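What follows is a short report on a single structure.
Bear in mind the structure is a predicted one, so any value in this text is a computation, not a measurement.
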Amino acid sequence: MTIIFLTLQPEICHIFANNLPDHTCFVFSQPENFLSIIRNMKNPPDLLVLDYTLFNHDIFNIYEQMEDECTHIPAIFYNEPCTSKLSRAKFWEYIIKYEDCFNKDLDTSIYVPVFEVIQKIVEDPDLSAYIPLMQKPKPLPQNFLKHNLFSRQEVFNTLEKQLYTLHHTQGMTPSKFYLLQLFYQNLDKYITLEQIQEEYKKDNREISISSLKVQISRLRTIMKNTERNRLIIINNKNGYKMVEFI
């Protein structure tokens, strides 16, 4: 099989070629006039293996270009960023069979061994870090996380400590702390004054909307003036929401 690699990182494709000794491989690093070169070849290649970063895919589609030039060569992108739930080898087999309507009768099984070799190389942890679009993201730092109180115990503990601090803050009366707990139970969710009032009623408590506004205002002042507190209450047309700022 004749395979042509087109890439902005030729050293990576030379690694592919070295691991495909039973095939004839050529590595190109200049995308200009690439298709015209192929068109002028006496025997066209059996497979194109391309670098996904070569093109802006919103502007240029290699399959449409080949169709315009009546050049129908199976083509894959070795660093394709999205391969659905299939393995890369299976994804590439699917692509060459269905992306180009002229290849639907192609025996794709002959490509699978090649695809499996390329997949093994691009997914190798020692190499993938050096291939564009193949780097796995670093774990998000804890202080960047949007906290989810009910799924992260460590976050629960942190917020619980802040509540404890607020509970013992000067001016935090039982009625204000009750309101604070209501917001805490709806962390990161907007709740309206009417919804808060309804929660009071469920606990056999009575509070008017005007009194509730005053209580929220006073609670926000206490929270703002509490040292090392990261909980705040914000509001907009959707209601009020307690959030933790970083």
Out of curiosity, [X] [atom1] to [Y] [atom2], how far, rounded to the nearest 0.5 Å?
X: Ser217; Y: Ile222; atom1: OG; atom2: CD1; value: 10.0 Å
X: His14; Y: Ser29; atom1: NE2; atom2: OG; value: 8.0 Å
X: Leu54; Y: Ile62; atom1: CG; atom2: CD1; value: 9.0 Å
X: Leu219; Y: Thr173; atom1: CG; atom2: OG1; value: 9.0 Å
X: Ile38; Y: Leu6; atom1: CD1; atom2: CG; value: 8.0 Å
X: Ser208; Y: Leu193; atom1: OG; atom2: CG; value: 10.5 Å

I'd like to know if the side chain of Trp92 reaches the main chain of Ser87, judged simply by a donor and an acceptor atom lying under 3.5 Å from each other, with no hydrogens or angles considered.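 Side chain of Trp92 to backbone of Ser87, a donor-acceptor pair under 3.5 Å: no, none is there.
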Spell out, as yes or no, whether a donor-acceptor pair under 3.5 Å connects the side chain of Gln195 to the backbone of Thr192.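 The answer is yes, because a donor-acceptor pair under 3.5 Å joins these two groups.
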Are [X] and [Y] connected in the hydrophobic side-chain network, where two residues link if heavy atoms are under 4.5 Å apart?
X: Val214; Y: Tyr240; value: no
X: Met1; Y: Val112; value: no
X: Met134; Y: Leu127; value: yes
X: Val114; Y: Phe26; value: yes

Closest heavy-atom contact between [X] and [Y]?
X: Ile4; Y: Met41; answer: CD1-SD, 3.8 Å
X: Val122; Y: Ile131; answer: CA-CD1, 3.9 Å
X: Leu231; Y: Met223; answer: O-CE, 3.2 Å
X: Gln9; Y: Pro132; answer: OE1-CD, 3.0 Å

Does the side chain of [Y] come within less than 4.5 Å of [X]'s, by heavy atoms?
X: Ile207; Y: Arg205; value: no
X: Ile12; Y: Thr7; value: no
X: Leu180; Y: Met242; value: yes
X: Ile76; Y: Phe91; value: no
X: Ile196; Y: Leu179; value: yes
X: Phe183; Y: Ile232; value: no

Partners meeting ring pair (Phe, Tyr, Trp, His ring centres under 6.0 Å) with Phe16 (sequence neighbours left out):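 Partners of Phe16 under the ring pair (Phe, Tyr, Trp, His ring centres under 6.0 Å) test: Phe5, Tyr78.
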What pairs with Tyr178 under ring pair (Phe, Tyr, Trp, His ring centres under 6.0 Å), at least two apart in sequence or on another chain?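 If we apply the ring pair (Phe, Tyr, Trp, His ring centres under 6.0 Å) test to Tyr178, skipping adjacent residues, the hits are Tyr200.
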Pairs under 3.5 angstrom only: tabulate donor-acceptor contacts from the side chains of residues 44-53 to other protein residues two or more places apart or in another chain.
unit_1, atom_1, unit_2, atom_2, d
Asp46, OD2, Thr2, N, 2.7
Asp51, OD1, Thr53, N, 2.9
Asp51, OD1, Thr53, OG1, 2.8
Asp51, OD1, Asn79, ND2, 3.0
Asp51, OD2, Leu8, N, 3.3
Asp51, OD2, Thr53, OG1, 3.1

Taking atom CZ of Phe60 as the centre, report whether more than 12 heavy atoms of other residues, nucleotides or ligands fall under 6.0 Å from it.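 Yes, enclosed.
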The criterion is side-chain hydrogen bond (donor to acceptor under 3.5 Å, both in side chains); which residues satisfy it with Gln119, sequence neighbours excluded?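 With neighbours one apart ignored, the set is empty.
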Can you list every pair that meets ring pair (Phe, Tyr, Trp, His ring centres under 6.0 Å) and has a residue in residues 212-231, with sequence neighbours left out?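 Every candidate ring pair (Phe, Tyr, Trp, His ring centres under 6.0 Å) pair involving residues 212-231 fails, so no pair, neighbours aside, qualifies.
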Specify whether Phe115 and Tyr111 have parallel, tilted or perpendicular ring planes, treating 30° as the upper limit for parallel and 60° as the lower limit for perpendicular.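 Taking Tyr111 first and then Phe115, their aromatic rings lie parallel (interplane angle under 30°).
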Salt bridge (Lys or Arg N to Asp or Glu O under 4.0 Å): pairs with one or both residues in residues 116-134, sequence neighbours excluded: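 Sorted result for residues 116-134: Arg88-Glu123.
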